[in-house]
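Following: one structure in structure tokens, then a few remarks.
All values reported here derive from a predicted model rather than from experimental measurement. Naming convention: chains lettered A, B, ... in sequence-line order (proteins, then strands); numbering from 1 in each chain.
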Amino acid sequence: MRVSRFFLPTLKEAPAEAELTSHRLMLRAGLIRKLGSGLYTWLPLGLRVLRKVEAIVRDEMNRAGAVELFMPAVQPAELWQETGRWAVFGPQMLKIRDRHERDFCFGPTHEEVVTDIARREIRSWRQLPLNLYQIQTKFRDEIRPRFGVMRAREFVMKDAYSFHASFEDLQREYRNMFDAYSRVFTRLGLDFRAVAADTGAIGGTGSHEFHVIADSGEDALAFCPTSDYAANVELAEAVAPPTPRPAPSQPMTQVPTPGRTTCESVCELLGLPLVQSVKALAVIGTPPADGAAGAGAAPMFLLLLRGDHSLNEIKAAKLPGLAGFRFATEAEIVATLGCVPGYLGPVGVPASVTVIADRSAAALADFVCGANVAGFHLTGVNFGRDLPEPAQVADLRNVVAGDPSPDGRGVLQIARGIEVGHVFQLRSKYAQAMGATFLDDAGQQQPLEMGCYGIGVSRIVAAAIEQHHDAKGIVFPPAMAPFAVALAAIGYRKSDAVRDAADALHDALEARGVEVLLDDRDERPGVMFADLELTGIPWRITLGDRGLKAGSVEVQHRRDAAPTAVALGEIEAWISARLAA
RNA sequence: CGGGGUGUAGCGCAGUCCGGUAGCGCGCCUGGUUUGGGACCAGGAUGUCGGAGGUUCGAAUCCUCUCACCCCGACCA
């Protein structure tokens with residue numbers, strides 16, 4: 001390929017809206033352009049990268065025994081109503097209506113469609129197991145699309161769905177997919193980590209996420225360097241403190257703390273350590289069902305956390321009565337507790353309020369908390385003496401660096417990651433909802449066991465750049481580089497010697513199957529170098545009159561500090577050997 | 001959905017407070033000189049100032065509405 005015939009719109013400056021490095025570089029290098037919020041065109045150079053990722057994903061899926069198919073992007077509402085997800089998925093799903101006023105959605109995922117295929121076609125255990133996958137455009141109407149293709153609304157996903165006659169076989173395939181994913185990300189040259197994960201909206205039992213490690217990642221990961229424990233912070237268990245709660249040693253005292261509405265500021269005022277404080281979060285739990293006792297009333301809960309800890313909403317929502325909880329409004333707080341937010345505490349709350357303490361908060365003695373009187377806090381507070389023991393003690397908080405690993409084999413660290421893959425054991429959730437059954441070897445009708453496995457193909461490109469770049473631009477891992485070699489022909493339009501040598505090398509490399517981009521523009525060297533470096537092509541061969549007079553060219557890897565001179569007659573073999581290595 | 005911000009040439013921005021008929025850098029076009037790290041000189045093209053309405057002799061600028069985009073939040077009281 002020649003730059004003069006390619007489409008390589010590079011930018012010196014990125015549009016102002018792009019703030020993340022990978023987003024800026026993808027725009028500047030001419031990989032993508034924005035059409036609208038969360039909507040991106042993949043330009044030719046970017047598409048080549050996307051195709052590289054797809055090819056590796058496809059190769060490893062095929063190798064793992066999965067079979068590719070292609071399902072419609074537009075899906076009828078009826079399927080989603082069968083599983084109840086037409087309502088559950090909410091505004092994240094783009095709903096559309098055809099000319100007959102029938103409801104459809106642009107598929108955000110394909111469990112319903114693939115389960116529909118399975119229930120129509122799979123009848124016998126002899127047809128199992130089966131793993132079907134596709135690489136396709138999805139649409140999810142994200143609350144806040146951002147970071148370019150990292151969190152776009154329209155994106156490319158590989159989604160696979162497996163069907164099994166038994167849970168044991170599902171677990172085998174789950175492991176098989178886990179291994180295939182590890183091979184994919186290894187081949188792509190990414191620093192990644194698999195972590196235990198929450199199953200979220202997709203549902204099911206076991207689940208792991210694959211994250212590309214990057215400081216800009218939106219997820220926090222907890223891992224233990226001295227064991228193999230790794231989990232998304234959403235899921236990571238905060239174990240109870242090893243030492244029992246000390247005996248009370250101070251009297252409970254009400255102290256004025258005007259204007260001090262955070263644990264930090266209260267502790268600062270009182271000269272106490274933050275770990276000695278308790279914050280109380282007022283939330284409204286699941287309303288009783290219509291017709292049940294107390295229907296319509298919003299049950300308030302007070303969640304207690306140590307001052308230095310943060311609430312894990314996913315954990316909290318799993319507690320009885322807290323499914324789908326929300327934070328109480330200021331009006332609700334004042335009505336129930338008689339105090340404005342900022343001075344809330346568990347002492348003397350009405351019996352209608354259920355107090356749930358995090359394990360670490362429950363282990364405190366002589367702690368500081370709000371007095372439920374505006375402008376005052378309490379010190380020296382003790383459970384069992386100044387207030388009842390909490391109605392429930394639970395794991396409510398996010399783990400922090402230094403917490404003990406839940407497997408008891410070390411101490412947790414926190415890293416940030418970009419989620420690029422997710423594997424789930426769905427079990428029979430969708431099969432039962434949609435009546436997807438098979439006859440087992442005893443002639444019994446059974447619901448299919450299912451697994452599902454996703455890879456964010458387009459997100460991988462952004463994640464890889466986030467992890468592989470320098471001050472000059474992208475540094476693509478070889479497996480996903482749009483071209484393997486760039487030829488910078490200095491004076492291509494002026495020098496017969498340069499043109500002949502560049503054309504010959506270009507043609508020879510292409511004949512060998514090497515993906516080569518010849519910069520044959522009438523540009524000054526600095527412009528060519530800057531553009532070629534920006535695009536992240538791993539190797540650059542520079543041909544100019546200066547070198548050719550001595551019979552040599554210069555070759556430089558994108559990570560090399562300086563070029564290497566190689567004889568013109570040997571460069572083809574030289575670079576081929578490097579690429580094969 | 002709440003809060004904040006920004007919309008002016010392809011990109012980055014100034015001009016808006018204080019109304020007088022639009023500018024800078026890069027890019028683009030033409031010619032010339034250059035040619036191993038984003039060249040130089042000369043000439044040139046490009047804007048319904050996001051949109052609609054209003055105020056005014058006159059609106060990028062003031063007012064109203066609206067759209068788009070970005071950031072933060074929607075959890076720690």
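Because its NZ or CZ atom is both nearer than 6.0 Å to the ring centre of A:F529 and within 45° of the ring axis, A:R540 counts as a cation-pi partner of that residue. Annotation: cation-pi pair A:K95/A:W80 absent, no NZ/CZ under 6.0 Å from the ring centroid and within 45° of its normal.
Taking 4.0 angstrom as the limit, A:R524 places none of its side-chain polar atoms (N or O) nearer than this to OP1 or OP2 of B:rG38. Applying the 4.0 Å criterion to OP1 and OP2 of B:rC76, one finds that A:T262 has every side-chain N and O outside that range.
The residue A:P525 sits close only to the backbone: its heavy atoms come under 4.0 Å of sugar-phosphate atoms, none of a base.
Residue side chain A:E523 does not reach the base of B:rG37 through any donor-acceptor N/O pair under 3.5 Å, judged by distance alone. For A:K12 against B:rC26, a side-chain-to-base donor-acceptor contact under 3.5 Å is absent. Looking at A:R24, its side chain has no donor and acceptor atom pair within 3.5 Å of the base of B:rG12. Between the side chain of A:R146 and the base of B:rG73, no donor-acceptor pair of N or O atoms lies under 3.5 Å.
For A:L8 and B:rG38, the CG to C1' distance is 14 Å, given to the nearest whole Å.
For A:R28 and A:N312, each mapped to the nucleotide of RNA chain B holding its nearest heavy atom, the one lying further toward the 5' end belongs to A:R28. When each of A:G36 and A:A282 is assigned the nucleotide of RNA chain B with its nearest heavy atom, A:G36 is the one assigned upstream, toward the 5' end.
Rounding to the nearest 0.5 Å gives a distance of 8.5 Å between CG of A:L378 and OG1 of A:T253.
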Steps toward ring-ring contact (aromatic ring centres under 6.0 Å, His included) verdict (A:F483, A:F476): CA-CA 10 Å; A:F483 292 93; A:F476 272 118; over 10 Å; no

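Using a 4.0 Å cutoff on non-hydrogen atoms, no part of residues 389-405 of chain A comes near RNA chain B.
Relative ring orientation between A:W574 and A:W539 is described as perpendicular, the plane-to-plane angle rising above 60° on a 0-90° scale split at 30° and 60°.
Across all strands shown, B:rG73 pairs with B:rC1; the Watson-Crick or G-U wobble distances both stay below 3.5 Å.
Taking the P atoms as reference points, B:rC65 lies 32 Å from B:rG23, given to the whole Å.
Among pairs with a residue in residues 267-286 of chain A, none fulfils salt bridge (Lys or Arg N to Asp or Glu O under 4.0 Å), at least two apart in sequence or across chains.
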